[in-house]
Amino acid sequence: MSEFQPDFASAGVCPSPNHGERRDGRSPDMLILHYTGMPSAEAALQWLCAEESQVSSHYFVDEEGRITQLVPEARRAWHAGQGHWKGETDINSASIGIEIANPGHAGGSPPFHEAQIEAVIRLCRDIIDRHAIPAERVLAHSDIAPMRKQDPGEGFPWDRLHREGIGHWVEPQPVGGGRFFQEGDSGQPVEALQSLLSLYGYGVRVDGSYDAETTAAIRAFQRHFRPARVDGVADASTIGTLHRLLSDLAMVA
């Protein structure tokens with residue numbers, strides 16, 4: 001693709017060839033945040049713009065807060081892969097993707113840079129305003145693909161973004177004691193937990209079996225909403241935080 005006018009006015013442009021039509025004329029109503037998971041921002045940007053990679057995103061934010069647009073928002077960038085949220089399976093057609101330069105878990109999970117987070121906040125606000133994206137549809141890559149992805153990770157400041165008007169958040173219930181469920185458990189209480197996860201949006205089977213899929217969904221939930229402990233165990237804090245989120249949504253609806 002040749003040069004194009006950026007949708008976010010202050011963004012630079014580095015066209016990626018990896019995009020297509022949004023299917024069925026879909027307009028984006030989701031915003032998905034990623035980390036690059038590569039050692040350097042330069043290598044990540046080159047990869048996102050290389051035809052052989054077959055991956056891209058709409059935006060890329062480096063450590064200094066420079067914002068680069070790779071794919072026009074009207075186009076379907078290839079950032080999400082196979083995923084699921086509230087019955088939606090073609091996440092790429094439904095979303096706008098932002099890649100944030102960070103080595104991620106494989107690189108020791110270094111903190112995101114202040115200038116970088118400030119830039120992400122500015123960019124997210126602009127996208128949300130222009131596309132009327134609901135708070136609960138601003139998501140982590142790990143939310144939509146818990147079995148495959150961990151990004152942007154438990155170190156990403158979702159609470160701060162929420163204070164800036166971006167995304168859904170409630171104060172997590174403190175980690176403590178109480179009954180918990182974990183992989184290998186089964187029965188009606190597990191089925192009830194799966195129902196709550198599914199109601200919020202996670203792609204889990206509601207069958208009463210605390211399997212690897214449920215464990216991954218709980219771990220993704222913890223990374224986003226209860227980052228103090230990410231272990232895939234549904235303790236009282238995790239379940240209580242999930243209840244708080246659903247109650248908050250019900251009050252807004």
Side-chain angles (χ1 to χ4, degrees), residues 30 32-37 79-92 94-95 97 100 102-109 136-159 167-249:
M30 303 174 71
I32 310 299
L33 305 188
H34 311 250
Y35 64 44
T36 56
H79 63 98
Q82 185 177 1
H84 181 288
W85 191 259
K86 275 192 174 292
E88 182 77 59
T89 55
D90 185 1
I91 304 296
N92 282 335
S95 66
I100 306 164
N102 185 282
H105 291 82
S109 298
E136 67 273 15
R137 291 176 77 82
V138 179
L139 300 166
H141 197 189
S142 54
D143 289 321
I144 62 167
M147 294 286 284
R148 298 188 300 110
K149 296 296 180 179
Q150 304 178 81
D151 56 310
E154 54 272 28
F156 188 75
W158 290 105
D159 54 343
H168 190 207
W169 179 266
V170 296
E171 188 64 28
Q173 183 168 316
V175 176
R179 190 179 179 188
F180 63 86
F181 305 102
Q182 61 187 1
E183 191 163 350
D185 289 343
S186 61
Q188 195 280 327
V190 173
E191 184 175 345
L193 170 62
Q194 291 169 327
S195 295
L196 293 176
L197 286 168
S198 178
L199 181 62
Y200 194 75
Y202 289 91
V204 294
R205 290 185 299 273
V206 182
D207 59 6
S209 175
Y210 205 119
D211 55 10
E213 179 184 78
T214 301
T215 300
I218 288 291
R219 192 175 287 117
F221 176 85
Q222 291 168 336
R223 281 198 169 94
H224 190 154
F225 297 108
R226 207 289 309 269
R229 182 188 295 166
V230 179
D231 57 8
V233 174
D235 58 0
S237 166
T238 300
I239 297 170
T241 304
L242 177 55
H243 274 288
R244 289 180 180 182
L245 286 161
L246 289 166
S247 296
D248 187 65
L249 279 184

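Residues take their numbers from the sequence shown, with the count starting at 1. FYI, side chains are in, hydrogens and waters are out, and symmetry mates aren't considered; it's all heavy atoms of this structure.
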key: Closest contact, heavy atoms only, M30 versus W85   = CE-CB, 3.9 Å
request  = For the residue pair Y35 and H141, establish whether any side-chain heavy-atom pair is separated by less than 4.5 Å.
outcome  = no
inquiry  = A side-chain contact here means heavy atoms from C-beta on lying under 4.5 Å apart; do L33 and W158 qualify?
reply    = yes
key: Heavy-atom donor-acceptor pair, T241 side chain to Q173 backbone, under 3.5 Å   = yes
request  = Output the distance between atom CD (E191) and atom OG (S209), rounded to the nearest 0.5 Å.
outcome  = 11.0 Å
query = In Å and rounded to the nearest 0.5 Å, what is the CD to OG1 distance from E183 to T214?
reply = 8.5 Å
Spacing of M147 atom CE and H84 atom NE2 [to the nearest 0.5 Å] = 14.0 Å
request  = Report yes or no: does Y200 contribute a side-chain atom to a donor-acceptor pair with the main-chain N or O of F221 at less than 3.5 Å?
outcome  = no
inquiry  = Just so I know, are the side chains of F156 and I100 near enough to count as touching, which here means a heavy-atom distance under 4.5 Å?
reply    = yes
Minimum heavy-atom distance between I239 and A234, given as atom pair plus value = CD1-O, 3.6 Å
key: Straight-line distance of L249 CG to L245 CG, nearest 0.5 Å   = 7.0 Å
Side-chain (R148) to main-chain (Q82) donor-acceptor, under 3.5 angstrom = yes
note = When rounded to the nearest 0.5 Å, the distance separating OH of Y210 from CG of D185 is 8.0 Å
Residue pair V230, Q150: steps toward the side chain to side chain contact (heavy atoms under 4.5 Å, CB included) verdict = CA-CA 11 Å; V230 179; Q150 304 178 81; over 6 Å; no
task = Measure across T238 and V233 and return the closest heavy-atom pair with its distance rounded to 0.1 Å.
result = OG1-O, 3.8 Å
key: Option passing side chain to side chain contact (heavy atoms under 4.5 Å, CB included) with Q194 (candidates V206, L199, I218)   = V206
query = Mind checking whether D235 and R226 have side chains closer than 4.5 Å, heavy atoms only?
reply = yes
request  = Report yes if some heavy atom in the side chain of E154 is under 4.5 Å from a heavy atom in the side chain of H105; otherwise report no.
outcome  = yes
task = Apply the test side chain to side chain contact (heavy atoms under 4.5 Å, CB included) to residues Q182 and T215: give CA-CA distance (whole Å), side-chain angles for both, the deciding distance (0.1 Å), then the verdict.
result = CA-CA 7 Å; Q182 61 187 1; T215 300; over 6 Å; no
ask   = If we only count heavy atoms from C-beta on, is the S95 to E88 side-chain gap below 4.5 Å?
value = no
query = Are any of the side-chain heavy atoms of R244 and F225 separated by less than 4.5 Å?
reply = no
query = What's the shortest heavy-atom distance between D143 and A220, and which atoms?
reply = OD1-O, 3.8 Å
ask   = Of all heavy-atom pairs between D231 and Q222, which one has the smallest distance, and what is that distance?
value = N-OE1, 2.9 Å
ask   = Is there a donor-acceptor contact under 3.5 Å from the side chain of T36 to the main chain of N102?
value = yes
remark   = Between K149 and S142 the two heavy atoms that sit nearest each other are O-CB, 3.3 Å
query = So how far is it from L197 CG to R205 CZ, rounded to the nearest 0.5 Å?
reply = 13.0 Å
ask   = Are L242 and L246 close enough that some pair of their side-chain heavy atoms sits under 4.5 Å apart?
value = yes
